[in-house]
J.: 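Have a look at this one before I ask anything.
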Amino acid sequence: MNMLAQMSRKHRAWLAFAALAMLLLSLPFITDALLGRGWVRILDFALLYIVLALGLNIVVGYAGLLDLGYIAFFAVGAYCYALLGSPQFGLHLPFWIVLPAGALLAGFFGVLLGAPTLKLRGDYLAIVTLGFGEIIRIFLNNLNAPLNITNGPQGISMIDPIRIGEFSLASTHELFGLTFPSVHLHYYLFLCITLLVIFVSLRLEDSRIGRAWMAIREDEVAAAAMGINTRNIKLLAFAMGATFGGAAGGLFAGFQGFVSPESFGLTESIMVLCMVVLGGMGNIGGVVFGGVLLVLLPEALRHGAGPVQQALFGKMFIDPESLRMLLFGLALIAVMLWRPAGLWPSRQRRRELSADDDAAQRGTVYDAAK
Amino acid sequence: MNFLPMTMRRNGVQCMTPPSETLLEVSGIGKHFGGLAALNDVSLHILRGEIYGLIGPNGAGKTTLFNIVTGLYQLDSGNFTFDGTGYVSCKPHLLAQAGIARTFQNIRLFANMSALENVMVGRHVRTRCGIWGALARHAAARAEERAIIGRARELLRYVGVNRPPQTLAKNLSYGEQRRLEIARALATDPKLLALDEPAAGMNATETESLKTLLQTIRADGITVLLIEHDVKLIMGLCDRVTVLDYGKKIAEGVPHEVRNNPAVIEAYLGGGSA
């Protein structure tokens, strides 16, 4: 009887999984048909932001280190991709070298910027990371003289599109009798990367390292007294978060074909932080939700606010762009008042929920995963 | 001294070493905060397998001494030797690795983690799974994780936290939180367990069961260093005690001798009253 109930539960889980997979796979086509190609592009950006938010979630959500300059790592990844794959230096290295290089370089910068902040907490850490974020942006803005590296405020254009072997994501392809425009192809690539990052986050969260991060978040002194090398574990959090940020940056550069310092301002850092905080710090589902929400809602407003005002009042009262920021601010205040832990807060994880007798079954679950 | 029945010892193995060998030796430690001498030339030695008490009026420097031997404070003068290794300054995590585990006067649990996870964090220092193990979850990593969970559950039972292990630490009762802190410290496989006022705020029944727990811990071969205000507990539990007052050691010895020491009486009751 028990086994039967369990099987049907497993069955249901598979069914839900299959449905979700089908939805994710067909999403660009559905969106394209219903809303237009521009919205598929927005979906692509949503996925990039989810990767960014998941990276920041490691630093802020798990390790509890408030980082206000996170977008700097996004910038490092993007510029690394741009410099190694554009006419800027005449380098056109392949995608599979450039993207990991950007991610690794960003991870290195994560350690570099994390190291001086190790003794700082809370507000002080936030101020210093904010400064670091700005330093990177200002560097990118000014590294055009005397030696032109980043092209300054004009940014770098004509960046190589993402190309896997001979398969360029920039052009339309015919596969399995279906037409895949460029944005659709990017969607699938970004979806793969997002799933990979979710997988890594999940595994890290439920591990010795993840517990050490959370212990530091909860009480750094007690964590150190329990034998956790807080310096190394914090640097690891900075490095992991920055690596995800760098990877997202590389994808961004390849997708856009153009980067400039403008894309990496403080607002972007705050935006990513909002995704993490609004969605639910430390909870992967919440962070993904926050990312989707904060990319899609402003776009929906941008497209919807004008016509709605026209229909209601016969004229435009508030410019959609201002309305967007206004509503955004109100939403943030509302969430902080009524759901301070986020829209989808981190709940007790499954492992702890399983009772003693469940512990034995865990072995089989692991084997199945293998 | 050997007042525990064999049945209380885990694994049926007698791991208690006869109290003869010195485990922790503190010599001439001084610590100043600005102009205030929190500790002044304090020396003491703790033998393996004993329960050692550290008492004194408020502000006597007990916790300061604790923070020095657990690496939270750096000392200004003197040094200490633990398990044969000398230290002048050392990071807390290295001392934890060397075998000193502690609890805190004002409970410092990982409040938003479950009781089980709190203890699992304590296993950190004795396990080694890194990023790769976490991502790949290969056989060794899974075995280690299972061992961590198993040991953590065992320790929760051992200290007597009988709530569901997934209960958040902050939702435990006060007495349970104190016990959980001990379980977390024990998870690091310490040689010396340093407890900072473990009975603070406990009622008589809770104190009594804490006493039993500490005796069990000692019988299992772990040396205990105890700061306590509850004189009755100290007298009934400790093999030897040191009394601190204004950062100086004023007495040391077996409890009933110390209790009758005029300097101790003066420190506790005030000089004018005699």
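Residue numbers begin at 1 in each chain, while the letters A, B, ... track the order of the sequences.
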J.: Name, in order of residue number, those residues of residues 81-89 of chain B that have a heavy atom at a distance of less than 4.5 Å from a heavy atom in chain A; otherwise write 'none'.
T.: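 Expected list: none.
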
J.: With chain A, which of B/Thr188, B/Val125, B/Thr127, B/Val121 has the greatest number of heavy-atom pairs at distances under 4.5 Å?
T.: B/Thr127

J.: With B/Asp76, which residues qualify under salt bridge (charged side-chain N to carboxylate O under 4.0 Å, His left out), at least two apart?
T.: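 None.
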
J.: Please flag which part of B/Arg126 lies under 4.5 Å from any non-hydrogen atom of chain A: side chain, backbone, both or neither.
T.: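 Contact with chain A involves no heavy atom of B/Arg126 at all.
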
J.: B/Leu95 versus chain A, heavy atoms under 4.5 Å apart: side chain, backbone, both or neither?
T.: neither

J.: Is B/Ala169 in contact with chain A via its backbone, its side chain, both, or neither, using a 4.5 Å heavy-atom distance?
T.: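 Neither; nothing under 4.5 Å.
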
J.: Below 4.5 Å from any heavy atom of chain A, which atoms of B/Glu181 appear? Answer side chain, backbone, both or neither.
T.: neither

J.: Quick check for you: to the nearest 0.5 Å, what is the distance between A/Arg217 atom CZ and B/Asn112 atom CG?
T.: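 A/Arg217 atom CZ to B/Asn112 atom CG measures 6.5 Å (nearest 0.5 Å).
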
J.: Could you check A/Glu218 against B/Asn118 for side chain to side chain contact (heavy atoms under 4.5 Å, CB included), going step by step and ending with a plain yes or no?
T.: CA-CA 10 Å; A/Glu218 294 294 318; B/Asn118 267 273; over 6 Å; no

J.: Before accepting this row, confirm whether a basic side-chain N of the pair A/Arg211/B/Glu145 lies closer than 4.0 Å to the acidic partner's carboxylate O.
T.: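 B/Glu145 and A/Arg211: salt-bridged.
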
J.: What are the residues of residues 220-239 of chain A, in order of number, with any heavy atom under 4.5 angstrom from a heavy atom of chain B?
T.: A/Val221, A/Ala222, A/Ala223, A/Ala224, A/Ala225, A/Met226, A/Gly227, A/Ile228, A/Asn229, A/Ile233, A/Leu236

J.: To the nearest 0.5 Å, tell me how far A/Asp219 CG sits from B/Phe104 CZ.
T.: 6.5 Å

J.: Nearest 0.5 angstrom please: A/Leu202 CG to B/Leu135 CG, how far?
T.: 11.0 Å

J.: Which residues pass the side-chain hydrogen bond (donor to acceptor under 3.5 Å, both in side chains) test with B/Arg163, sequence neighbours left out?
T.: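 B/Arg163 satisfies side-chain hydrogen bond (donor to acceptor under 3.5 Å, both in side chains) with B/Glu176 only.
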
J.: Please determine whether the number of non-hydrogen atoms from other residues, nucleotides or ligands lying under 6.0 Å from atom CZ of B/Phe33 exceeds 12.
T.: yes

J.: Apply side chain to side chain contact (heavy atoms under 4.5 Å, CB included) to the pair B/Glu144 and A/Arg208, showing each step before the final yes or no.
T.: CA-CA 10 Å; B/Glu144 185 181 278; A/Arg208 173 172 172 268; 4.1 Å; yes

J.: Carefully, step by step, assess B/Arg137 and A/Asp206 under the rule side chain to side chain contact (heavy atoms under 4.5 Å, CB included).
T.: CA-CA 11 Å; B/Arg137 270 194 197 162; A/Asp206 193 10; 3.6 Å; yes

J.: Look at B/Ala96, B/Ala136, B/Ala141, B/Ala134 and state which one has the largest set of heavy-atom pairs under 4.5 Å with chain A.
T.: B/Ala134

